[in-house]
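Have a look at the structure below, then the notes.
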Amino acid sequence: MPTVQLSVMPHNLTCWEEGASCDDCLEVLRENQTMIFSVADSSVMAGVAIIFSFLGFAFNLITITALLFYRSVRQQITTPFILSVSFAHLLYSTIILPLLATRFYTRQSESAAWTGLCKVFPVLFYLVLGASILSLMSVTINRTCILLFQEKAQNICNVKVRNVVIFLCWLLPLAILTPSTFGQYGQVELNDYTQSCTIGPDDNGRNPKRLMYNLFVFLPCTIMVICNIIIFAKLKFVPNSESVSENRKAENIFILMLFMVFLFFVLTLFPSWAVDHFDKCYKHPTIHAIAYMLNWTGVIINPIIFMVTQRSYREAVRGLFKKLFVEVKNKDAMESTVMHLDDFVKEDSNSS
């Protein structure tokens, strides 16, 4: 059978028009190191990644700082889990998004620096994803236990237990992903046609990505759906006496916050998963680009949800900015006083 010479374009539309198979088209792109995304798509993704990086860094850093320095909020049972989620998004904003912006802007990854980062990037990417969703699942389970077993839950969910749970939220994804950097369970590889460092199958065909998605995405999502059903069912039968109305209102708002975070997590992750599943051959690269950008919005959506729904969080942020403003004002006043004293000393020495 004669070999068909395929054309190489910024995307694989020409290849598909020539009637080649999916594997043949992607292999041509790999051999020629041709990026699947057009220059326009790459430029837009680079710009969006930079914007989200700055906003995500600012929003999550403010959230973390405010919750840590506002004592009444810091002592709440659920605050450590919210801090864990915010810290995961802070890492995503400060490390992953700038690397993605660089990748899409330059449209190549041949530098030695990127080659070294390529070993770490997918591990960090999936670590942040896994830790974030596990932390969100943990706080949802925590609220469910408090509603169902109020007195016992207070004793069980103590500071030590919370710290252990958060530690495991970060340790478990790291333990599964680390062998991939050494080629023991999957291996880190560069996808030439997307210029993406990802985890692929090793020499024995093993790939931890399926296990990762099952353990750290689909299973936590299922657990959170069940917990939310239990929570709403429990709250529905809480008596409406005046003594519990305020507590019930606060509880409802917090549960609404968790549900909104979970809902937006699914809405931002699902398009990327769906596009990868139904368009494995990248016939529509622009749709893949849109799905990528939707996935990045989580770094700014969650802090906004936290602040909009929780009055105590807003008070913490206001207190943080007020304290910073007072300190800056006092510093300016002190510098002004020192300058006046210097002028007075100079005038006194001149008169002498």
With a cut-off of 6.0 Å (strictly less than), are more than 12 heavy atoms of other residues, nucleotides or ligands near [atom1] of [X]?
X	atom1	value
R311	CZ	no
F264	CZ	no
F167	CZ	no
Y185	OH	yes
F54	CZ	no
F52	CZ	yes

So, the side chain of [X] versus the backbone of [Y]: is there a donor-acceptor pair under 3.5 Å, distance only?
X	Y	answer
N60	V299	yes
N207	G186	no
T79	Q75	no
H89	F59	no
R74	L67	no
N228	M224	yes
R206	Q184	yes
S180	I199	no
T297	L294	yes

> Do we see a donor-acceptor contact under 3.5 Å between the side chains of N295 and S272?
Replying inline: no

> Which class fits the ring pair H277 and W273: parallel under 30°, tilted 30 to 60°, perpendicular over 60°?
Replying inline: parallel

>> Students often mix this up, so state it plainly: with edges at 30° and 60°, are the rings of Y92 and F125 parallel, tilted or perpendicular?
In response: tilted

>> Among residues at least two apart in sequence or on other chains, which ones pass ring pair (Phe, Tyr, Trp, His ring centres under 6.0 Å) with F259?
In response: none

> Is it the case that one hydrophobic cluster holds both I77 and I253, taking links as side-chain heavy atoms less than 4.5 Å apart, direct or via other members?
Replying inline: no

> Can you get from L124 to L171 by hopping between Ile, Leu, Val, Met, Phe, Trp and Tyr side chains that sit under 4.5 Å apart?
Replying inline: no

> For S84 and W170, what are the C-alpha separation, side-chain angles and deciding distance, and is it a side-chain hydrogen bond (donor to acceptor under 3.5 Å, both in side chains)?
Replying inline: CA-CA 9 Å; S84 179; W170 289 84; 3.0 Å; yes

> Regarding R162 and the six-membered ring of F81, is the cationic atom NZ or CZ under 6.0 Å from the ring centre and inside 45° of its axis?
Replying inline: no

> Just wondering, do Y126 and I176 contact through their side chains at under 4.5 Å, heavy atoms?
Replying inline: no

